[in-house]
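Just so it is clear: chains get the letters A, B, ... in the order the sequence lines come, proteins before strands, and each one is counted from 1.
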Amino acid sequence: LGDALHVQLVIRSRRGDAGAFADLVDAYERVALAVAYSVTSDAGGAGDVVQDAFLRAWQRVADLKEPEKFGAWLCGIVRNLAIDAVRARAVRAAVHGQRNDNGFGGPIDAGPEFAVAQDDGPLEQLDLRDRRDRVAQALQRLDEVSRSALVLRYYENLSSRQIGELLGLASTAVDMRLMRARRQLRGFLVELDDRSGEPTFARGSQSAGEV
Amino acid sequence: MSPDMNDENDDGERYAKLDATLRGFLGAELDGQRGRARTAFETHVTRRSTRPLPAGGALVRGRPARSRAWVIGLAGAGAAMAASLAAVWAVPMFTRNTVSTTTTMTSIDAGVNPHRESTSRPGDTSGQSASAETDWRPVQQVTRTATVDQGLVLVGGTAPARVFRRVSTESTEWFDRERNVRVETTVPRERVMLIGVDTY
């Protein structure tokens, strides 16, 4: 991200080269999804936001002064749109009496299952869905910046320096946040597993009563 | 091996498991959304390409020549009007989470005036036995429906579908001619529909 090739793509996009911008969409889509998901905590909502964000970026790319900062600029657009979307959903949820913690999702969750195999039985699928919900719940308990850093690291495999450039943080601050976030996340998962009484992946192969 | 080293190894193993869990979770959550942005962008560009646009969709800067100013002004006004009309037409089609409400009223028994005041209390008729002994007829039915567009979801991780939640109450007014009693029953219903979305 942010290398010479991408800078060239940004410069060409500023001149109206739609093909170059389409390549930027491919290059930055995962980053944008990670940032949007960190705010919305909902994959479908993040997809909507990213779609809108790239269209908005295309309309404004001619105004971008520093092509090498395209990533950070795009992340700003994504984050703002995601915050707007969460607010709008929260208002609608309040009006329609839905029980949404984050403003997205609601009682229907037809999103992709967490590693569900086609031949899994209903109990296995239920168990996997429970695990997925617990990870999502634990992630939501982190602060937004730490969550963004964590999602960018684990979804897009970015270095601390790259994450720092996108989020406007020093790489040491990113390292610190990642370390804390992992520790917190493990704690949250253990706590959630204790409540549910289910065996946990957060504790490795140990059963719930062994720690 | 000392207990401390054991703890360290356990910790390493637990964090490795946590890392693998996070990667698996995020991949399963977000990979289904990939490709949407490019498709949307290409569609946007294709639609706009019928009318040549300035670079990057940016506005043309600088002052137009005086002689052409009025032509541009006129064209601008026309375009603005067309855009307003298009927006009025398109907004209901593309707005997500819109709520549409409908109320339908059906008079079922034309021989009975549904608005006539009853002389006895509806509470006098209690339960099925009363209903069986008397001649209850439906007089009027009112259905109130609210439909909420809840946005897009991916069914099975691959098939995009739009979720519509339809909540309705069906109120039926019943009348017993013999005892001149009217009763209203209300049945709430809720349906969730997934409508497949064509991707292009």
Side-chain angles (χ1 to χ4, degrees), chain A residues 13-18 21-22 25-26 29-30 32-34 37 43-48 50-55 58-63 88-89 92 95-96 98 104 106-116 131-132 135-136 139 150-151 154-155 182 185-186 189 201-205, chain B residues 10-11 13-46 48-49 52-59 61 96-99 146 148 150-161 163 165 167 192 194:
Chain A
S13 298
R14 288 200 312 193
R15 295 185 197 130
D17 184 339
F21 192 81
V25 173
D26 287 343
E29 187 181 33
R30 287 170 67 96
L33 278 171
Y37 181 78
D48 291 346
V50 168
Q51 197 173 305
D52 292 347
F54 276 113
L55 290 181
W58 167 245
Q59 285 158 355
R60 296 180 182 175
V61 70
D63 297 332
R89 285 268 179 158
R92 279 193 288 268
V95 170
H96 300 297
Q98 292 172 5
F104 278 92
I108 304 166
D109 182 9
E113 295 293 333
F114 179 28
V116 173
R131 290 181 183 194
R132 174 200 167 280
V135 177
L139 272 172
L150 203 77
V151 177
Y154 286 103
Y155 185 56
R182 283 173 83 219
L185 199 63
R186 210 187 80 180
L189 283 167
F201 40 90
R203 287 175 183 149
S205 55
Chain B
D10 279 357
D11 251 19
E13 194 184 314
R14 288 170 197 171
Y15 276 120
K17 188 111 182 159
L18 177 71
D19 293 350
T21 299
L22 277 175
R23 285 184 210 283
F25 169 78
L26 291 169
E29 279 284 285
L30 296 175
D31 280 349
Q33 303 299 322
R34 292 179 64 192
R36 282 182 57 190
R38 181 167 182 140
T39 307
F41 173 67
E42 285 173 348
T43 307
H44 172 81
V45 171
T46 309
R48 302 291 291 261
S49 65
L53 274 183
L59 297 170
R61 292 189 179 84
R96 296 197 309 113
N97 298 287
T98 49
V99 180
V148 183
Q150 297 195 308
L152 290 171
V153 293
L154 277 179
V155 181
T158 51
V163 181
R165 179 178 292 273
V167 185
V192 176
L194 293 172

A:R182 and B:L18 have their tightest heavy-atom pair at O-CD2, 3.6 Å
Scanning both residues in full, the closest heavy-atom pair of B:A37 with A:F54 reads CB-CD1, 3.6 Å
Applying a strict 4.5 Å limit to non-hydrogen atoms, the region of A:L33 in contact with chain B is both
Here the gap from A:F21 atom CZ to B:F41 atom CZ, rounded to the nearest 0.5 Å, amounts to 5.5 Å
Rounded to the nearest 0.5 angstrom, the OH-CG distance for A:Y154 and B:L26 is 10.0 Å
Across all chains, not counting sequence neighbours, the salt bridge (charged side-chain N to carboxylate O under 4.0 Å, His left out) partners of A:R30 are A:E156, B:D31
For A:L55 and B:A40, the nearest pair of non-hydrogen atoms, with its separation, is CD2-O, 4.1 Å
Under 4.5 Å to a heavy atom of chain B? For A:A53 that would be neither
With sequence neighbours left out, the residues meeting salt bridge (charged side-chain N to carboxylate O under 4.0 Å, His left out) with B:R36 are A:D48
Interatomic distance, CH2@A:W58 vs NE2@B:H44, rounded to 0.5 Å, equals 8.0 Å
So CZ of A:R186 and OG1 of B:T21: to nearest 0.5 Å the spacing works out to 12.0 Å
In this structure, NZ of B:K17 is separated from CG of A:L189 (nearest 0.5 Å) by 12.5 Å
Most heavy-atom pairs under 4.5 Å with chain B, out of A:V50, A:D26, A:V25, belong to A:D26
